[in-house]
Amino acid sequence: MDVKTIKVGNTRIGKSPVVIAGPCSIEGEKEFISEVAFLYGKGIRIIRGQAYKPRTSPHTFQGLGEKGLNIIKTAKNMYDICVVSEVLSQRDIDKIYDVSDILQIGSRNMFNYSLLKDIGRQDKPVLLKRGMSATIKEWMLAAEYISSEGNDDIILCERGIRTFEPYTRNTLDLSAVVAIHQLSPYPVIVDPSHGTGRREMIIPMAKAAMACGADGIMVEVHPHPKAAFTDGRQSLDYGQFDRLLGELKL
Ligand code: PEP
Ligand code: MN
């Protein structure tokens, strides 16, 4: 099936491979601005800007919330970038809409049908991550919840599924990329950070994703992964990110 092209700033997702990158979460203004500066310098134009974090434990860092959204605003005034930011709940839609170019629905919310319908009424592209226990069919039906409300600018993101294998955080299902391209017009990108949970696996799995036809990747990058507030174990440092870009040869 022909892949639908989705325009985000000057990038056409679905037309040529895209690399979306950024920290797992926004940690502070100075931190985020310097991360954006590095990524912008590497040619990245779509940045992860996450202010609301879905965390397994309620006792861990939950994101900077509105303060994080203001940081996105500042970064966008300084750099010609687009941002993808997660909408964790209905009550955040308007606030995130104001600063974000792509509205992200995270894995945990893929089955939140009322949120999907509300996102379907927005006129901005949506990044729909695969539920960690969702079949390909359920994932595609989640996309239909969005499109049936009018918003057809959907980018799918394979981020790994839960299996019996604990070595990796999730099992990255690259066959889903092939299936989606056979069954659906939406572009599909791959997140090898959440898909493996292991920094050392990101480059090989990103290359594998491109080899099976993914329309791009989304990776977590942090200047000092060991000190990251969230997901440092699966974040590339700057040198590794540079190597990734070199090895992908996009
Ligand atoms: C994320 O990309 O920020 C995230 C939380 O990922 P997921 O929803 O896939 O767990
Ligand atoms: Mn993360």
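In listed order, ligands and their atoms are each counted from 1. The model shown is predicted, which means the values in this text are computed figures rather than measured ones.
- By the 4.0 Å heavy-atom criterion, Q104 is counted among the residues contacting ligand 1.
- Among all non-hydrogen protein atoms, the one lying nearest atom 4 (C) of ligand 1 is H194 NE2, 3.6 Å.
- Considering only heavy atoms from C-beta on, D173 comes within 4.5 Å of E158 through its side chain.
- Among all protein heavy atoms, the one lying closest to atom 8 (O) of ligand 1 is S107 N, 2.8 Å.
- Atoms of ligand 1 lying under 4.0 Å from at least one heavy atom of E86, given by number and element, are 5 (C).
- Assignment of M132 to the shell around ligand 1 is not supported, since no heavy atom sits closer than 4.0 Å.
- Within the protein, the number of N, O or S atoms lying under 2.8 Å from the Mn ion (ligand 2) is 4.
- Surrounding CZ of R162 are at most 12 heavy atoms belonging to other residues, nucleotides or ligands under 6.0 Å away.
- The closest donor-acceptor contact from the side chain of T5 to the backbone of R12 lies at 3.5 Å or more, if one exists at all.
- Considering backbone and side-chain N/O of E220, none are found under 3.5 Å from N/O of ligand 1.
- A salt bridge links K4 to D153: one of the charged nitrogens lies within less than 4.0 Å of a carboxylate oxygen.
- Among all non-hydrogen protein atoms, the one lying nearest atom 2 (O) of ligand 1 is K129 NZ, 2.7 Å.
- Note: the hydrophobic cluster containing I44 also contains V190 (ILVMFWY, side chain heavy atoms under 4.5 Å, direct or indirect links).
- For the side-chain hydrogen bond (donor to acceptor under 3.5 Å, both in side chains) with E220, the qualifying choice from R233, R48, Q50 is R48, the only one to do so.
- Considering backbone and side-chain atoms together, K53 places an N or O closer than 3.5 Å to an N or O of ligand 1.
- The pair K129-D191 meets the salt-bridge criterion, since a charged nitrogen lies less than 4.0 angstrom from a carboxylate oxygen.
- Within ligand 1, the atoms closer than 4.0 Å to a non-hydrogen atom of G106 are 8 (O), numbered from 1 in the order shown.
- No donor-acceptor pair under 3.5 Å is formed between the side chain of T168 and the backbone N or O of T171.
- Environment of NZ in K124: crowded, with over 12 heavy atoms of neighbouring residues, nucleotides or ligands closer than 6.0 Å.
- With a heavy-atom cut-off of 4.0 Å, C157 does not touch ligand 1 at all.
- Interatomic distance, NE2 of H222 versus CD of E27, reported as 3.5 Å (0.5 Å rounding).
- Under 4.0 Å is where a charged nitrogen must lie from a carboxylate oxygen, and between D101 and R45 no such pair does.
- Closest protein heavy atom to atom 9 (O) of ligand 1: R159 NE, 2.6 Å.
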